[in-house]
Asks: 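Pasting in a structure now, in structure tokens, and then I'll have a few things to ask.
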Amino acid sequence: MIRKEIENLLRSYLSELGFDYDFVVEIPEEQFGDFSTNVALVGAKYFKKPPRDVAKYFIDKLTGHPMFKEITIAGPGFINFRVSNEFYRDFLARYIQSPHSIWTFKRTGKILLEYGSANPTGPLTVGHGRQIVIGDVLGNVLRYVGYDVTKEMYINDAGRQIKLLARSVWVRYNQLHSREEEIPEDGYRGEYVIDIARKVQVDHGDRFVGVWNEEVEEIFREYALGEIMKMFEVSLEKIGAKFDSTYSEKSLIDDGTVQEVLGILRNKDLIYESEGAVWLKVSKFIKENDKVLVKSDGSYTYFLTDIAYHYKKFRRGFDNAIDIFGSDHHGHIPRMVAALMALDIPEDFVTFVLHQFVTLKRGNEIVKMSTRAGEFVTLDELIDEVGKDAARYFFAMVDVNTHLNFDLELAKAQTNDNPVYYVQYAHARISSLFEKATEKGIEFKLLDGIELLNHDLEMALIKLISSFDDVLERIVEKLSPHYLTDYLEDLASLFHRYYADVKIVDPEDPKLTNGRLNMCLGVKIAIAEGLKLLGISAPDKM
RNA sequence: GCCCCCAUAGUUCAAAGGAUAGAACGGCGGAUUCCUAAUCCGCAAAUGGAGGUUCGAUUCCUCCUGGGGGCACCA
């Protein structure tokens, strides 16, 4: 917030001279100042003057501004600012009165955020967990800064995989009736397949034993899908992820969208038949081979239905779509872009976010995961073991582009090793401070005593609170949630330091105590807001 | 072979083209008659290699090396 105000100030001085170029205002090392800018360094070539002379122009303009207590030129031409304590106190007062409306986000538009999309052929795994948490948190942040966000999960309920599952369930069902059948080579072997088979057995007895046709397949498909979706719901509830909608791949076939898309492409002469299949002229748009849309057996590829899905997203009136995929999908992206071009959908309509994989570790041992072999750690198992808060925190805490090493032992540790507790503890400590104050007969009054705040750490904490909006802007820009966990750790750390340094509740000086509690309230609100965006609880007691 | 991501301290991760590359864990050494020690303070410890762009590169470009993933009429 304060950073942004300085940036705006500098920009207005630039425009007075008719200049408009990129520069940054950032928080430097403490010794240099509260804020720092390279506006003079970058400006040298526009002003046609040495950086230090350019800096003088800004300093003349800024001198006497109430926001600052000191402005200096340093090094090759940085301008360093010290913000006045009055300004910090004023910010704190404004913040604790209206922590939501103080930020000036200028983001609008309807965004469809797709993530967690999974084959409904088995339980959600740890890999899905990362994607779901990334998506959930990004969705929360995008919403916070002003976007109208729809969180959507795409259900791949139409392809070959779901058929394989249906067949696998049928085989297990037969085995329950002592009839030996072979699970298909690529079939599903997990325990849950037997559970689904039991459901069919309960409802239908033995009427499908040894009977396999399209009608039976459809029945088994419905059972499998229904049961898996129930499992998904339980898992999503556990991880605390709320979707606004699910979107069925099959519905795109049933409602004619797929045919519509094929029609458009055919009219534009962008598809052709070969070897009994229908192909899209991908090579006309990008340097890649053409791709099959309709297989020779008449069924549709995932590529085609996904094109239809994105066509539908566009038609549903969204301004932008954000797709979050695992990194194994990266090959899909250029093809999708080509397909969107083929449909005259603006290239920048979709933003793709790829996240790297998760390696699960128990101590030094790597835990293997594979859905089809039936050997996996499910998301449920993970949450049962480490808890929702730790699971979410760990999934969110590294850059989406970085491979995540998820250490089960660390996530479980109820000790200071664990960053989740570190942040939560800061929140709980503040709550207990308020209790303590009441105990000692100090009745908390909002805003009272803020004018007495003067400690360096108090100013530093307020400064950090004021950069909450910068953190969110960055998350939106880079589409990675880890900036938020970083920020919360910084804030918690600074608070713990302050707590160790300053006796906050001091019955001898109730006025100052009250001022400090106001500052603590600011920290508490900021931590709570951050944790809320992460979907993690902010406990008052630990 | 082609494509994507990654390479930073012993380990797991940060870093808005900027000033002395930050944390955490681990290691070593300290702190509480006082608000929650799930805390705090101090010390040691790192940009894989070679070029290039720039006043300035962990960051951008090229090549090399090493890891992960992908190159289906699977999703």
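Side-chain atoms are counted along with the backbone in the values below, which use heavy atoms only and exclude waters and symmetry mates. Numbered from 1 within each chain, the chains take letters A, B, ... in sequence-line order.
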Asks: Could you give the distance separating B:U8 and B:A45 at their C1' atoms, to the nearest angstrom?
Replies: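 Here B:A45 and B:U8 have their C1' atoms 12 Å from each other.
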Asks: Measure from the side chain of A:V42, starting at C-beta and using heavy atoms only, and say which of B:C73, B:A15, B:G18 lies closest.
Replies: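 For A:V42, the side-chain atoms sit closest to B:G18.
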Asks: Whether the side chain of A:H496 and the base of B:C40 hold a donor-acceptor pair under 3.5 Å is what I'd like checked.
Replies: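 Answer is no: no donor-acceptor pair is held.
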Asks: Check each residue of residues 510-526 of chain A for a non-hydrogen atom within less than 4.0 Å of any atom in RNA chain B, then write out the ones that pass by number, or none.
Replies: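 Contacts with RNA chain B under 4.0 Å: none.
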Asks: Which residues, if any, of residues 26-37 of chain A bring a heavy atom under 4.0 Å of RNA chain B?
Replies: A:E26, A:P28, A:E29, A:Q31, A:F32, A:S36
Asks: I'd like a list of close polar pairs between nucleotides 10-14 of chain B and the protein, N/O only, cut-off under 3.5 Å.
Replies:
from, atom 1, to, atom 2, distance (Å)
B:U12, O3', A:N405, ND2, 3.3
B:C13, OP1, A:H403, O, 3.0
B:C13, OP1, A:N405, N, 3.4
B:C13, OP1, A:N405, ND2, 2.9
B:A14, OP1, A:D399, N, 2.8
B:A14, OP1, A:T402, OG1, 3.0
B:A14, O2', A:D486, OD2, 2.5

Asks: Run the salt bridge (charged side-chain N to carboxylate O under 4.0 Å, His left out) test against A:K163 and tell me which residues pass, sequence neighbours left out.
Replies: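 Listed in chain order: A:E217.
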Asks: What stems involve RNA chain B, if each pair must be Watson-Crick or G-U and both of its distances must be under 3.5 Å, with 3 or more such pairs in a row?
Replies: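 Counting only runs of 3 or more consecutive pairs, the stems involving RNA chain B are B:1-7 with B:65-71, B:10-13 with B:22-25, B:27-31 with B:39-43, B:48-52 with B:60-64.
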Asks: Hey, is the side chain of A:N80 pairing donor to acceptor with the base of B:A19 inside 3.5 Å?
Replies: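 Answer yes: a donor N or O sits under 3.5 Å from an acceptor.
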Asks: Are any protein N/O atoms closer than 3.5 Å to N/O atoms in nucleotides 43-47 of chain B? If there are, list each pair with its distance.
Replies:
none

Asks: With distance as the sole test, does A:Y192 use its side chain to make a donor-acceptor pair with the main-chain N or O of A:T121 at under 3.5 Å?
Replies: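 Answer holds: yes.
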Asks: Does A:S432 make a side-chain donor-acceptor contact with the base of B:C35, cut-off 3.5 Å?
Replies: no
